[in-house]
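Here is how names work: the chains are called A, B, and so on, in the same order as the sequence lines, proteins then strands, and each is numbered from 1.
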Amino acid sequence: MHSQPGVAGSLVSHLERSGLTIFFSENPTTDLWLKGPLSKSVNEFHRVQQEIFRGTGIIPFRFPTILEDGDKLRAHLEERSGEYINLLARFANFVQIDITVTQTASSPRPSGADYLRERQNRNRTLDEFTTQLRSEAGTLAKDWRQRSIANGLRCFALVERKQVQEFNERMKTVSMPSQLSARVSGPWPVAEFLDFKS
Amino acid sequence: MSAQPGSMVFSDPGADDQLSLLDILDHVLNQGIILRGNLVISLAGVDLVYVGLDVILTSVETALRHMGALTEPGRSS
């Protein structure tokens with residue numbers, strides 16, 4: 001199921017508990033995290049996740065998640081395994097596609113009124129475009145969430161793993177306004193759709 | 001790095017390019033389970049998981065260095 005080393009070449013072990021398999025590295029000191037730049041460690045962490053995610057649905061932990069010892073890990077699984085199992089079953093065949101829509105920089109306006117008018121127009125364009133994206137996704141997006149970011153909007157679509165290519169093809173058919181740019185990335189684990197009780 | 005105005009680009013998490021790295025950083029640091037209570041990711045008293053990506057990029061490394069100096073030999077990390 002998993003073959004490559006973890007962060008900084010650490011051995012990735014797995015623990016089966018209450019019907020779940022959890023992957024982790026056990027290290028005696030924090031030196032592991034200091035060996036390279038953070039971006040390198042993050043990339044290595046990601047590669048392990050991706051290898052597992054390619055074959056099955058996963059619930060990712062954020063990087064770095066550091067526990068004191070194995071007992072803490074086992075205790076956590078005892079407490080939350082039911083919830084994790086339900087989520088894994090529910091999202092077993094799904095992945096997440098991210099769409100980041102960004103507004104391009106506007107040119108300076110002579111007056112405040114002009115600025116506000118342009119801003120209003122730009123926001124309307126953004127809303128119309130994301131509505132069009134969602135509409136084009138249609139039933140391929142089983143769920144859709146979005147939130148504002150500094151200069152645009154970030155959308156998350158829940159898509160069946162086998163329909164990712166079809167979903168991307170549909171996104172390509174949406175015409176892009178010149179004031180916007182969009183970046184579609186995925187498939188990712190369905191982290192944005194995991195609604196935990198606590 | 002972002003797409004040109006009026007364009008849509010596609011990024012694959014498995015690809016080895018700068019665009020993907022930005023996405024990977026965002027996902028690995030910003031999404032996924034946050035352990036709570038005693039299991040909260042806490043290094044040297046700094047709660048790392050409730051701050052934004054930009055802060056994390058700085059504070060994780062700083063906190064890890066700080067923690068490295070404080071950690072007793074034999075303690076799991």
Side-chain angles (χ1 to χ4, degrees), chain A residues 26-34 37-39 41-43 45-47 49-50 53-54 59-70 72-73 75-76 80 84 96 98-100 102 104-105 168 171-172 174 176-189 191-192 194 196 198, chain B residues 1-16 18-44 48-50 52-53 56-77:
Chain A
E26 203 162 8
N27 299 286
T29 74
T30 56
D31 289 350
L32 171 75
W33 309 98
L34 303 171
L38 181 66
S39 59
S41 301
V42 163
N43 215 18
F45 185 82
H46 166 75
R47 297 290 165 207
Q49 277 194 350
Q50 275 295 109
F53 176 59
R54 264 196 287 274
I59 297 178
F61 284 76
R62 290 195 190 191
F63 177 86
T65 296
I66 303 168
L67 305 182
E68 278 183 31
D69 52 36
K72 287 279 196 298
L73 182 61
H76 178 72
R80 305 292 292 269
Y84 291 163
Q96 176 181 311
D98 293 14
I99 307 170
T100 307
T102 311
T104 54
N168 285 344
M171 292 300 98
K172 285 175 188 170
V174 180
M176 284 292 311
S178 60
Q179 309 96 306
L180 301 176
S181 63
R183 187 157 48 89
V184 181
S185 79
W188 297 100
E192 197 67 25
L194 300 174
F196 291 104
S198 58
Chain B
M1 187 184 286
S2 60
Q4 292 296 311
S7 71
M8 181 183 286
V9 296
F10 290 77
S11 168
D12 178 353
D16 205 9
Q18 189 66 21
L19 204 62
S20 298
L21 178 59
L22 293 174
D23 284 328
I24 290 165
L25 281 166
D26 179 41
H27 274 262
V28 172
L29 297 174
N30 270 342
Q31 295 194 17
I33 295 177
I34 301 170
L35 301 182
R36 297 179 185 232
N38 292 332
L39 299 177
V40 162
I41 304 165
S42 181
L43 301 176
L48 300 173
V49 295
Y50 294 109
L53 176 62
I56 279 181
L57 286 171
T58 303
S59 68
V60 167
E61 290 192 324
T62 305
L64 285 172
R65 280 193 196 93
H66 189 42
M67 188 184 180
L70 295 175
T71 305
E72 297 168 13
R75 185 180 170 187
S76 296
S77 57

Taking the inter-plane angle between the rings of A:His76 and A:Tyr84 on a 0 to 90° scale, is it parallel (under 30°), tilted (30 to 60°) or perpendicular (over 60°)?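 Rings of A:His76 and A:Tyr84: tilted, as their planes differ by 30° to 60°.
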pair A:His46-B:Pro13: side-chain heavy atoms closer than 4.5 Å: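 Side chain of A:His46 against side chain of B:Pro13, heavy atoms only: contact under 4.5 Å found.
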Do B:Asp23 and A:Asp98 have side chains that approach each other closer than 4.5 Å (heavy atoms only, starting at C-beta)?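 Of all side-chain heavy-atom pairs linking A:Asp98 with B:Asp23, none is under 4.5 Å.
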For B:Pro5 and A:Thr104, work out which heavy atoms get closest and say how close.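 Taking every non-hydrogen atom into account, CB-CG2, 3.3 Å.
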Taking every heavy-atom pair that is under 4.5 Å apart, which of A:Pro187, A:Ser185, A:Ala191, A:Pro189 has the most such pairs with chain B?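 Max contact count across the listed options: A:Ser185.
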Measure distances from A:Glu192 to the heavy atoms of chain B and classify the residue's part below 4.5 Å as side chain, backbone, both or neither.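 Its backbone and side chain both get close to chain B.
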Let me know if A:Leu180 has heavy atoms under 4.5 Å from chain B in its side chain, its backbone, both or neither.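 Looking at A:Leu180, just its backbone touches chain B.
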